[in-house]
Amino acid sequence: MRKIAVLALSLFVGGNALAEKPRVFAITGARVVIAPGQVLDGGTVVLRDGLIEAVGKGVTPPADAWVIDGSGKTITAGFIDACADIGQKKTETPGGAGQQAPAPQRETPPGPVHPISRIHAERKAVDLLVVDAAAFEKHRGIGFTSAVTMPTDGIFRGEAAMIALGSAPVSGAILRASVGQLVAFEYGGFAQGYPTSLMGSIAAIRQALLDAQRHAVWAARYQSDPVGMPRPDYMDAFGPLAEVASGRTPAIFDVRQSADVARAIAIAKEFALNAMIIGSGAESVEPGAVSTLKKSGYPVILPLAFPDKPKVEDADEALNVSLQDLERWDAAPANPRALKDAGIPFALGTCRLTSVSDFSANLRKTIERGLTADAALAALTTAPAKFFGVEKSLGTLEAGKIANVVVFEGASPDGEGIFAEKSRPALVFV
C-alpha cells in the first residue's frame with residue numbers, strides 16, 4: 001500500500017514531517033459530502049487548528065491558508081472504525097467469545113481482583129494504548145481517521161476507547177477514554193478455570209452484575225452511616241460493573257454465534273442495560289435473528305469479516321462442507337443490507353478481519369449485494385458517531401467539528417462513488 005499524505009496539526013508528506021507545519025488549509029472546487037445524502041459540487045472546506053472552520057459554496061479561502069485544489073476529488077468526514085483492537089499492546093492471548101478460550105495465566109494478578117479470572121471489567125483500553133504507526137497508516141489508507149479500540153479477552157473484558165489515528169502521542173490520541181464495556185460469552189475447557197461452558201459464562205455475567213448492584217447499595221449505605229454495619233469488601237471490578245448495571249456505561253456484547261444474539265438481548269433486557277451488539281455476520285440466515293434484533297431496538301456493529309470460501313472443488317473435501325456453511329458464506333456480503341432493510345441501525349468495523357487490507361474489498365462486495373453507498377458511508381460516519389456519543393464532534397463536515405477529513409481521488413461517478421475499486425484517499429487530515 002502506498003503511503004498517503006497525512007495532514008494534521010503535524011503535517012506528513014510521504015511519511016516525512018515538514019519543518020514548518022501548516023495550521024490552516026482550504027480545499028477548493030471539490031465534491032463535498034457533508035453527510036450521507038448531502039452533497040455539494042464545487043464546494044470548499046476550510047480547516048484551522050484541527051477544526052473545521054467553514055464548509056460551502058462560495059467560501060473564500062483565508063489569506064493564511066494553504067490552498068489545495070480539490071477539482072475532481074471528493075471530500076468526506078473521516079471514517080470511524082466501530083470495532084478494532086488497533087493500538088492495543090498485546091499482553092495475553094485473546095480468547096474467543098462463544099467458544100472455548102485458551103487457558104488464562106494461572107498466576108493470580110496482584111490487587112483486589114475479581115475471583116473469576118475472566119472478569120476484569122476494571123481494565124481500560126487506554127491503559128494499554130500505544131501509537132502503532134504502521135497499523136494507523138493502514139487504517140488511514142482505507143479512510144479511517146478514528147477507531148473504537150477494544151480489549152480482546154475475557155467475559156467482562158474492560159472499557160473500550162475511541163482514539164484518533166494520527167501521529168499524536170497517546171495523550172493526544174484519545175477522543176473518549178471510555179465508550180463501553182465489552183462483554184462476551186467466553187469460557188474455557190477442562191482445567192482452564194471457571195467457567196467451562198456457555199451456561200457457566202452466562203451465569204457469571206448475571207452474577208457479576210447482581211453482585212455489583214448489591215455492592216453499590218451496600219457501599220452507599222455504609223458511606224451514609226457505617227455504625228453497626230459490616231464494611232463492604234473492595235474489588236476493582238465493582239465500580240465499572242456498577243456503571244454497566246446502572247446503564248451509565250454501555251454494554252457492548254461481542255456475539256460470534258447468531259444463536260447467542262437472543263441470549264445477549266435477554267441479559268440486556270433483564271438488567272435494563274444500555275446495550276450494543278457486535279453481530280455474528282450471519283444474522284440474515286439465522287431464523288429469527290434479524291427480527292429479534294429489530295424488536296430489541298439495540299444498535300448493531302457489523303464486522304466486515306466474511307467466512308472463507310468453502311472447499312468444494314474436491315469431492316472428498318466437499319463432503320465436509322455443510323449446507324449451513326455454504327449459506328453463511330454466500331449470505332455474508334448481503335448481511336448489512338438485510339439489517340438496513342429491516343431498519344436496524346448499524347455501524348461497520350474491522351474486528352475479526354485477518355487483515356485490515358480486506359476491508360475495502362469486502363465493503364465493495366456488500367455494495368454489490370445491495371447496500372447503497374450512502375448507507376455504507378452512514379455506517380462508517382454518522383452511525384458510529386451517534387452510537388459512541390461523539391456526534392457533536394465527528395461524523396459530518398460541519399463548522400466547529402474536529403477536522404477528521406478524507407479527500408478521495410478516483411471516486412467513480414456511479415453509485416459506488418468513493419467505495420469504487422479505483423477510489424483511494426489522496427489526503428487524510430487527522
Side-chain angles (χ1 to χ4, degrees), residues 1 79-88 90 93-102 132 135 138-139 141-144 146-153 157 160 165 180 182-186 252-261 264 276-286 289-290 293 299-311 321-322 324-340 344 346-371 375-376 379-380 383-384 387 419 421:
M1 179 182 296
F79 298 165
I80 302 170
D81 187 344
C83 67
D85 64 355
I86 190 169
Q88 289 293 286
K90 305 302 188 295
T93 302
Q99 58 185 358
Q100 289 191 7
D132 187 335
K138 285 184 178 180
H139 262 62
I142 297 169
F144 289 112
S146 57
V148 176
T149 182
M150 301 176 171
T152 56
D153 69 291
R157 298 182 163 183
L165 301 176
L182 269 293
V183 188
F185 297 124
E186 183 182 298
I252 305 173
F253 284 88
D254 188 354
V255 175
R256 303 201 179 195
Q257 307 294 333
S258 293
D260 291 337
V261 168
M276 288 182 245
I277 308 291
I278 301 179
S280 69
E283 286 77 14
S284 61
V285 294
E286 289 291 340
V290 171
L293 280 170
V300 178
I301 299 166
L302 286 180
L304 278 190
F306 299 156
D308 293 333
K309 182 180 179 180
K311 296 180 179 179
V321 178
S322 68
Q324 186 181 51
D325 291 337
L326 288 169
E327 288 176 337
R328 290 190 175 194
W329 168 75
D330 178 66
N335 201 55
R337 180 186 175 178
L339 268 62
K340 174 66 176 175
I344 298 171
F346 69 93
L348 299 174
T350 64
C351 55
R352 304 183 196 156
L353 277 169
T354 303
S355 171
V356 72
S357 301
D358 295 333
F359 182 88
S360 296
N362 287 355
L363 182 57
R364 284 193 292 274
K365 290 177 183 177
T366 69
I367 292 172
E368 291 170 2
R369 295 292 292 272
L371 187 69
L380 290 167
F387 290 1
F419 303 116
E421 187 172 0

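Please read these numbers as outputs of a predicted model, since none were measured by experiment.
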Do Phe306 and Asn335 pass the side chain to side chain contact (heavy atoms under 4.5 Å, CB included) test, and can you show the C-alpha distance, the side-chain angles, and the key distance before you say yes or no? CA-CA 10 Å; Phe306 299 156; Asn335 201 55; over 6 Å; no
Salt bridge (charged side-chain N to carboxylate O under 4.0 Å, His left out) partners of Arg337, counting only residues at least two apart: Asp341
Nearest 0.5 Å, what's the [atom1]-[atom2] distance between [X] and [Y]?
X      : Y      : atom1 : atom2 : result
Phe346 : Ile301 : CZ    : CD1   : 12.0 Å
Ile142 : Asp358 : CD1   : CG    : 9.0 Å
Ser360 : Lys365 : OG    : NZ    : 12.0 Å
Thr152 : Arg352 : OG1   : CZ    : 12.5 Å
Phe79  : Thr350 : CZ    : OG1   : 13.0 Å
Ser357 : Asn362 : OG    : CG    : 11.0 Å

Search all heavy atoms of [X] against all heavy atoms of [Y] and return the closest pair with its distance.
X      : Y      : answer
Ala376 : Leu363 : CB-CD1, 4.1 Å
Pro303 : Cys351 : CB-O, 3.0 Å
Leu302 : Gly279 : CD2-CA, 4.4 Å
Arg364 : Phe419 : CG-O, 3.0 Å
Pro333 : Arg369 : CB-CG, 3.8 Å
Ala135 : Ile86  : O-CD1, 3.7 Å

Short question: side chain of Asp254, backbone of Ala184 - any donor-acceptor pair under 3.5 Å? no
Do NZ/NE/NH1/NH2 and the carboxylate oxygens of Asp132 and Lys138 come within less than 4.0 Å? no
So Val148 and Phe387, side chain to side chain contact (heavy atoms under 4.5 Å, CB included) or not? Walk me through it. CA-CA 11 Å; Val148 176; Phe387 290 1; over 6 Å; no
Parallel, tilted or perpendicular: which describes the rings of Phe185 and Phe253, with under 30° parallel and over 60° perpendicular? tilted
Going through the distances and angles, do Ile278 and Met150 end up as a side chain to side chain contact (heavy atoms under 4.5 Å, CB included)? CA-CA 12 Å; Ile278 301 179; Met150 301 176 171; 3.9 Å; yes
